[in-house]
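First the structure, in the form of C-alpha cells, and then the observations on it.
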Amino acid sequence: AETKQGKAIPPKILNTVLRSVAMLLPDHGKRIPELHIATSALLSDHGYLLKCNEFECSNFMWSLALANRYDKPLIELLSDRMREEDIVKSLTPSSASRFLWSFTKLVEGNEEDLEM
C-alpha cells in the first residue's frame, strides 16, 4: 500500500479504494486477499493509524466485515483507535453504528470472544 515514491497511501484514498471494492464487486473483495493483507500491514503501523479519522476507521472495519476477513490483531487495533479521545470527540452516529455492526458481524461470524 505504498506509492512508487515509497510513501504510504493517504487514509482517505485507502478508504475510497476499500469502499469501492466492497460496494462494486459481487463478492465484496473476498477473492482479493492481497488487498486485505496490504491493508492490514499498513493499518498495523500505529503512526499511520493515528492519521485515520473516525469515518475511515469505521469504513476499514466495514470493508473487513463485508469481505468476511477476520483479522483479530487488526480488529483490536481499530477498536483501540476508535476509543481514543480525538475519535470519540468527533464520532458520528453513522460511523459508530457502522463500526459496531462490522465488529459484531466479524466476531460473531468467527464465534470468538475478544477481550478488549
Side-chain angles (χ1 to χ4, degrees):
E2 289 192 354
T3 64
K4 290 180 183 179
Q5 294 81 21
K7 296 179 182 176
I9 295 170
K12 184 175 183 176
I13 293 173
L14 180 60
N15 177 53
T16 301
V17 169
L18 292 175
R19 282 185 60 82
S20 298
V21 166
M23 294 185 334
L24 296 175
L25 295 180
D27 69 350
H28 306 294
K30 290 177 184 163
R31 287 182 276 173
I32 310 177
E34 298 84 5
L35 178 63
H36 297 287
I37 291 167
T39 301
S40 179
L42 190 58
L43 292 176
S44 295
D45 177 345
H46 187 69
Y48 184 83
L49 197 55
L50 285 175
K51 297 176 187 175
C52 300
N53 63 32
E54 48 92 18
F55 180 75
E56 293 156 350
C57 288
S58 68
N59 278 314
F60 295 149
M61 185 72 88
W62 177 78
S63 70
L64 288 173
L66 285 184
N68 198 28
R69 299 292 303 178
Y70 183 79
D71 183 337
K72 184 176 180 177
L74 185 54
I75 291 168
E76 290 173 340
L77 286 170
L78 287 167
S79 296
D80 289 344
R81 177 70 180 121
M82 288 295 283
R83 290 193 303 252
E84 291 181 12
E85 187 176 344
D86 63 315
I87 296 287
V88 172
K89 285 182 178 180
S90 64
L91 191 59
T92 64
S94 176
S95 290
S97 63
R98 180 174 35 259
F99 188 88
L100 291 172
W101 176 85
S102 303
F103 179 89
T104 302
K105 183 178 186 309
L106 286 166
V107 174
E108 284 298 311
N110 288 282
E111 298 180 6
E112 182 169 336
D113 291 330
L114 281 178
E115 294 184 24
M116 303 305 285

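For this chain, numbers begin at 1 and follow the sequence in order. Just so it is clear, the values below take in all heavy atoms, side chains as well, and ignore hydrogens, waters and symmetry mates.
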Original post:
Under 4.0 Å between a Lys/Arg side-chain N and an Asp/Glu carboxylate O for Arg81 and Asp86?
Top reply: yes
Original post:
Are Leu24 and Ser20 close enough that some pair of their side-chain heavy atoms sits under 4.5 Å apart?
Top reply: yes
Original post:
Any chain of hydrophobic side-chain contacts (each under 4.5 Å) joining Ile13 to Leu18?
Top reply: yes
Subject >> Verdict with reasoning, Ser44 to Leu77, per side-chain contact (heavy atoms from CB on, under 4.5 Å) >> reply: CA-CA 7 Å; Ser44 295; Leu77 286 170; 3.9 Å; yes
Original post:
Within a strict 4.5 Å, meaning less than it, do heavy atoms of the Leu50 and Glu84 side chains meet?
Top reply: yes
Subject >> Close side-chain approach of Leu43 to Thr39, heavy-atom, < 4.5 Å >> reply: yes
Subject >> Any Ser79 side-chain heavy atom under 4.5 Å of Met61 side chain >> reply: yes
**OP:** Looking only at non-hydrogen atoms, find the nearest pair between Ser40 and Leu74 and report the distance.
**Re:** CA-CD2, 3.9 Å
Original post:
Are any of the side-chain heavy atoms of Tyr70 and Ile75 separated by less than 4.5 Å?
Top reply: yes
Original post:
Is the side chain of Glu108 donor-acceptor paired with the backbone N or O of Lys105 at a distance under 3.5 Å, no angle test?
Top reply: no
Original post:
Under 4.5 Å between side-chain heavy atoms, hopping through other hydrophobics if needed: is there a path connecting Ile37 to Ile9?
Top reply: no
Original post:
CZ/Phe55 to OG/Ser94 distance, rounded to the nearest 0.5 angstrom?
Top reply: 7.5 Å
Original post:
Which atom names give the shortest non-hydrogen contact between Ile87 and Cys52, and what distance separates them?
Top reply: CD1-O, 3.7 Å
**OP:** Linking directly or through intermediates, with side-chain heavy atoms under 4.5 Å: list the remaining ILVMFWY members grouped with Trp62, chain and number order.
**Re:** Met23, Leu66, Trp101
Original post:
How far apart are the closest heavy atoms of Thr104 and Leu100, and which atoms are they?
Top reply: OG1-O, 2.8 Å
**OP:** Apply the test side-chain contact (heavy atoms from CB on, under 4.5 Å) to residues Leu78 and Leu49: give CA-CA distance (whole Å), side-chain angles for both, the deciding distance (0.1 Å), then the verdict.
**Re:** CA-CA 8 Å; Leu78 287 167; Leu49 197 55; 3.9 Å; yes
Original post:
Just by modelled atom types, is the Asn59 backbone N or O under 3.5 Å from a matching donor or acceptor in the Arg19 side chain?
Top reply: no
Original post:
Are Ser95 and Glu54 linked by a side-chain donor-acceptor pair shorter than 3.5 Å?
Top reply: yes
Original post:
Is there a side-chain contact between Ser102 and Phe60 (heavy atoms, below 4.5 Å)?
Top reply: no
Original post:
Which pair of non-hydrogen atoms, one from Lys51 and one from Glu56, has the smallest distance, and what is that distance?
Top reply: O-OE1, 3.9 Å
Original post:
Any side-chain heavy-atom pair from Leu91 and Met82 closer than 4.5 angstrom?
Top reply: yes
